[in-house]
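To start, the structure itself, in structure tokens.
Only heavy atoms go into these numbers, but all of them, side chains included; no hydrogens, no water, no symmetry mates. Please read these numbers as outputs of a predicted model, since none were measured by experiment.
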Amino acid sequence: MLIPDIDAFEKRAAICEHDGGLSRERAEDLAARAQGFRGADHYRQWLADYVVKRQVPM
């Protein structure tokens, strides 16, 4: 898995929320799935693991 693009995640979530009328939670889930994650929780956990371990989680 590649390192997530945080900027793209934030932009896509904002667009889905504003233009699509979705809740922030739903918009973030869609943005995370667009990058290959199961959802926003999985995306955030991946980032947290990366910061703590300083290596790409498998």
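- Applying the 6.0 Å contact sphere to CZ of R24 captures more than 12 heavy atoms from other residues, nucleotides or ligands.
- Both I6 and I3 are assigned to one and the same hydrophobic cluster, defined by single-linkage of ILVMFWY side chains at heavy-atom distances under 4.5 Å.
- Note: F9 and Y43 have parallel aromatic rings, judged against thresholds of 30 and 60 degrees for the angle between ring planes.
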Let me see the working for D41 and R44 under side chain to side chain contact (heavy atoms under 4.5 Å, CB included), right down to the final yes or no. CA-CA 5 Å; D41 289 340; R44 288 187 191 95; 4.0 Å; yes
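- Nearest heavy-atom pair, C16 versus A27, reported as atom, atom and distance to 0.1 Å: CB-CB, 3.7 Å.
- Tested against D5, the residues Q35, K11, E10, R12 include a single side chain to side chain contact (heavy atoms under 4.5 Å, CB included) partner, Q35.
- The hydrophobic clustering, which links ILVMFWY residues whose side-chain heavy atoms are closer than 4.5 Å, places L47 and F37 together.
- Taking every heavy atom of both residues into account, A32 and A40 meet most closely at CB-N, 3.6 Å.
- Checking side-chain atoms of R33 against main-chain N and O of G39 turns up no donor-acceptor pair under 3.5 Å.
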For the pair D49 and Q45, evaluate side chain to side chain donor-acceptor pair (under 3.5 Å) and give the outcome as yes or no after the intermediate values. CA-CA 6 Å; D49 290 346; Q45 185 60 55; 2.8 Å; yes
